[in-house]
Structures are given as C-alpha cells and as structure tokens.
Chemist: 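Here it is, the structure, as structure tokens.
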Amino acid sequence: MTKSELIKNISAQYPQLSVRDIEMATRHMLDYLSDALAEGERIEIRGFGSFSMHVRPAKQGRNPKTGESVMVPEKRVPHFKPGKELREQVDYPENTSGKA
Amino acid sequence: MTVTKLEIATEVAYVTGLTVRDTKRLVEAFFDTIRSTLASGEEVKLSGFGNFSIREKTSRPGRNPKTGEPSEIIARRVVTWRAGQTLRGKC
C-alpha cells in the first residue's frame with residue numbers, strides 16, 4: 001500500500017470529509033511525525049508502536065584497507081518498535097491464540 | 001515530551017483548519033488502516049517517511065536468559081520499519 005492508496009482507503013472510511021482535506025491532513029501528519037523524530041522526540045501510539053531516535057555514539061574505527069585509525073562520527077538512526085496489538089495481529093495466529 | 005495521537009490531531013487541526021474532532025478520527029484511521037494492511041500481510045510504503053514491511057522469521061535455537069536452559073525460538077512473522085531517505089537525511 002502506498003501513501004495515495006492509504007489516503008484513498010481513509011477517504012472511503014470518512015466520506016463526510018473531502019479527499020483533498022484527508023490528503024492534506026495525511027501529508028501534514030507525516031511531516032509532523034518526521035520533524036518530531038528528527039528533533040529526537042519519541043512518538044508513542046498505543047496498540048501500534050513507538051518511534052524513537054537511536055544514537056550510535058562516535059567511535060574509534062579503522063580503515064580496513066590501510067589499517068589507519070579514523071574517527072567514526074555519531075550516527076542517529078530512527079527506530080520503530082511495534083506495539084503489542086500490531087505484533088499479535090501480524091504474527092501467525094497459532095503464535096498468539098488465546099493471548100489476542 | 002512524547003508525541004501521542006492527541007498531539008498529532010491538535011497539530012494537524014491547527015495547520016489544516018479542520019476540527020480536532022475530525023483530525024482525531026483521521027489520526028485513528030491512519031494508524032488503524034496501516035495496522036490492518038500489515039495484518040493482511042501487505043507492506044505499507046509511505047514515501048519520505050518510511051516503509052513498513054513484513055519479515056518471516058524462521059525458528060532458531062535460543063536460551064531462557066533467566067535459567068540458561070536451551071529452548072527453541074518459534075517461527076514468527078514480524079513488522080519492521082525503515083525510515084525513508086528524506087527522514088534519514090533530516091537526522
């Protein structure tokens with residue numbers, strides 16, 4: 001499913017709102033989520049999961065070709081941890097039977 | 001501060017001029033639709049933000065970390081997400 005298919009799908013659920021409004025809202029939502037994450041904020045959606053920034057500190061590394069010591073700069077990687085409901089809905093039913 | 005559905009709905013209402021009542025529903029529908037699509041086994045690609053994909057994990061030997069006893073980790077189906085290029089570029 002792509003962004004435009006997602007927008008179409010949501011529009012079908014909310015015919016009282018125009019496709020244009022839903023499209024605008026979805027795009028702003030994604031921009032807002034991206035900006036919040038980039039600023040290092042944590043996003044927590046119950047039942048869906050949480051997004052956070054993982055920071056890999058700068059470290060001393062080596063150029064494998066020359067053996068030369070180099071400083072590897074700090075790396076910031078956005079991370080997603082699926083929530084319980086999402087995990088259970090995606091997993092094989094036999095793994096979650098009786099729990100979900 | 002942690003961003004939750006309420007913050008997202010408030011922010012979206014503020015920029016779009018839609019009512020918070022409507023944006024709350026849209027935020028809800030957004031995550032629910034992604035979740036049910038993933039549950040059906042289909043991946044979700046949100047250009048710029050990132051892709052949610054499904055990975056089939058085969059079973060492998062593991063250990064109970066508490067007791068050290070060997071036990072099998074069963075085959076599972078899990079969701080992974082990788083940030084899109086635009087988002088990675090901002091970090």
Side-chain angles (χ1 to χ4, degrees), chain A residues 1-7 9-14 16-17 21-22 24-55 75-83 85-96, chain B residues 1-5 7-19 22-23 25-57 74-84 86-91:
Chain A
M1 179 183 269
T2 61
K3 200 188 293 171
S4 52
E5 286 164 351
L6 175 63
I7 291 166
N9 194 310
I10 299 173
S11 308
Q13 299 173 52
Y14 291 100
Q16 63 272 42
L17 288 176
D21 279 345
I22 293 176
M24 190 167 64
T26 307
R27 290 186 196 284
H28 277 300
M29 194 150 90
L30 288 168
D31 284 347
Y32 175 62
L33 294 174
S34 296
D35 290 344
L37 254 176
E39 279 163 28
E41 283 203 71
R42 201 179 124 82
I43 302 165
E44 190 179 314
I45 311 294
R46 274 291 145 86
F48 184 81
S50 59
F51 297 89
S52 58
M53 190 62 80
H54 280 190
V55 182
K75 249 187 209 156
R76 287 156 51 88
V77 191
H79 175 80
F80 174 65
K81 184 171 188 275
E85 274 178 57
L86 176 61
R87 246 179 10 239
E88 291 181 348
Q89 284 179 25
V90 168
D91 205 350
Y92 301 117
E94 63 267 29
N95 286 353
T96 52
Chain B
M1 200 196 67
T2 306
V3 173
T4 62
K5 285 193 281 198
E7 271 85 48
I8 305 169
T10 312
E11 171 70 21
V12 173
Y14 179 73
V15 275
T16 60
L18 294 169
T19 64
D22 280 335
T23 57
R25 287 170 161 177
L26 289 178
V27 170
E28 204 75 51
F30 174 84
F31 290 108
D32 283 351
T33 308
I34 296 176
R35 188 168 53 214
S36 53
T37 305
L38 291 168
S40 77
E42 192 187 332
E43 56 180 13
V44 177
K45 296 179 168 191
L46 303 175
S47 165
F49 181 71
N51 295 348
F52 294 91
S53 44
I54 309 281
R55 276 185 106 99
E56 308 275 345
K57 300 266 203 181
I74 52 174
R76 290 162 305 145
R77 206 154 76 138
V78 298
V79 178
T80 58
W81 175 75
R82 184 155 194 256
T86 318
L87 174 52
R88 267 183 285 141
K90 279 193 214 174
C91 300

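Here is how names work: the chains are called A, B, and so on, in the same order as the sequence lines, proteins then strands, and each is numbered from 1. What you see is a predicted model; the values in this text were computed from it and never measured.
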Chemist: Listing request: all salt bridge (charged side-chain N to carboxylate O under 4.0 Å, His left out) pairs with a residue in residues 9-18 of chain B, at least two apart in sequence or in separate chains.
Modeler: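 Matches after skipping sequence neighbours: none remain.
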Chemist: Report which part of Ile43(A) has an atom under 4.5 Å of a heavy atom belonging to chain B: side chain, backbone, both, or neither.
Modeler: both
Chemist: Answer with side chain, backbone, both or neither: which region of Arg82(B) has an atom nearer than 4.5 Å to a non-hydrogen atom of chain A?
Modeler: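 Interface part for Arg82(B): neither.
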Chemist: Does the ring centre of Phe48(A) sit less than 6.0 Å away from the ring centre of Phe30(B)?
Modeler: no
Chemist: Could you tell me whether the side chain of Leu26(B) reaches within less than 4.5 Å of the side chain of Leu17(A), counting heavy atoms only?
Modeler: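 They are in contact (side-chain heavy atoms under 4.5 Å apart), so the answer is yes.
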Chemist: Quick check on Glu44(A) against chain B: is it the side chain, the backbone, both or neither that has a heavy atom closer than 4.5 Å?
Modeler: both
Chemist: What heavy-atom pair brings Pro78(A) and Ala83(B) nearest, and what distance separates the two atoms?
Modeler: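 Minimum heavy-atom separation between Pro78(A) and Ala83(B): CG-CB, 3.6 Å.
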Chemist: Chain B: which of Tyr14(A), Phe80(A), Tyr92(A) shares the most heavy-atom pairs with it under 4.5 Å?
Modeler: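 When all of Tyr14(A), Phe80(A), Tyr92(A) are compared, Tyr92(A) has the most.
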Chemist: For the residue pair Arg35(B) and Gly47(A), what are the closest heavy atoms and their distance?
Modeler: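 Closest approach of Arg35(B) to Gly47(A), heavy atoms only: NH1-O, 3.1 Å.
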Chemist: Checking heavy atoms, do the side chain of Ala36(A), its backbone, both or neither come under 4.5 Å from chain B?
Modeler: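 Only the side chain of Ala36(A) comes within 4.5 Å of chain B.
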Chemist: Test side chain to side chain contact (heavy atoms under 4.5 Å, CB included) on Leu18(B) and Asp21(A) and set out the steps.
Modeler: CA-CA 8 Å; Leu18(B) 294 169; Asp21(A) 279 345; 3.5 Å; yes
Chemist: Counting only pairs under 3.5 Å, give me each side-chain donor-acceptor contact of residues 39-48 of chain B, with atom names and distances, residues two or more places apart or in other chains.
Modeler:
unit_1	atom_1	unit_2	atom_2	d
Ser40(B)	OG	Thr37(B)	O	2.7
Glu42(B)	OE2	Met1(A)	N	2.8

Chemist: Run the side chain to side chain contact (heavy atoms under 4.5 Å, CB included) check on Val27(B) and Met29(A) step by step: do they pass?
Modeler: CA-CA 8 Å; Val27(B) 170; Met29(A) 194 150 90; 3.5 Å; yes
Chemist: Report which part of Ile8(B) has an atom under 4.5 Å of a heavy atom belonging to chain A: side chain, backbone, both, or neither.
Modeler: both
Chemist: Ring centres of Tyr32(A) and Phe49(B) under 6.0 Å apart?
Modeler: no
Chemist: Where does Leu37(A) contact chain B at under 4.5 Å (heavy atoms): side chain, backbone, both or neither?
Modeler: side chain
Chemist: Test side chain to side chain contact (heavy atoms under 4.5 Å, CB included) on Asn95(A) and Arg76(B) and set out the steps.
Modeler: CA-CA 7 Å; Asn95(A) 286 353; Arg76(B) 290 162 305 145; 3.7 Å; yes
Chemist: Minimum heavy-atom separation for Asp91(A) and Arg77(B), please, with both atom names.
Modeler: OD1-N, 3.0 Å
Chemist: What part of Gln16(A) gets closer than 4.5 Å to chain B, counting heavy atoms only: side chain, backbone, both or neither?
Modeler: side chain
Chemist: So which of Arg76(A), Glu39(A), Glu41(A) has the largest heavy-atom pair count under 4.5 angstrom toward chain B?
Modeler: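 Answer, by heavy-atom pair count under 4.5 Å with chain B: Glu41(A).
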Chemist: Which region of Ser34(A), side chain (C-beta onward) or backbone (N, CA, C, O), has a non-hydrogen atom less than 4.5 Å from a non-hydrogen atom of chain B, or is it both or neither?
Modeler: both
Chemist: Check each atom of Pro82(A) against the heavy atoms of chain B and say whether the ones under 4.5 Å are side chain, backbone, both or neither.
Modeler: side chain
Chemist: What do the steps show when you test Val79(B) against Arg87(A) for side chain to side chain contact (heavy atoms under 4.5 Å, CB included), and what is the final call?
Modeler: CA-CA 7 Å; Val79(B) 178; Arg87(A) 246 179 10 239; over 6 Å; no
Chemist: Would you say His28(A) and Thr16(B) make side-chain contact, with heavy atoms under 4.5 Å?
Modeler: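 In contact.
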Chemist: Who among Thr26(A), Leu33(A), Val77(A), Ile7(A) has the most heavy-atom pairs with chain B under 4.5 Å?
Modeler: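 It is Leu33(A).
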Chemist: Any side-chain donor paired with an acceptor under 3.5 Å for Gln13(A) and Thr33(B)?
Modeler: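 On atom types as modelled, these side chains qualify, holding a pair under 3.5 Å.
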Chemist: Under 4.5 Å heavy-atom distance to chain A, tell me which part of Ile74(B) shows up: side chain, backbone, both or neither.
Modeler: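 Side chain only.
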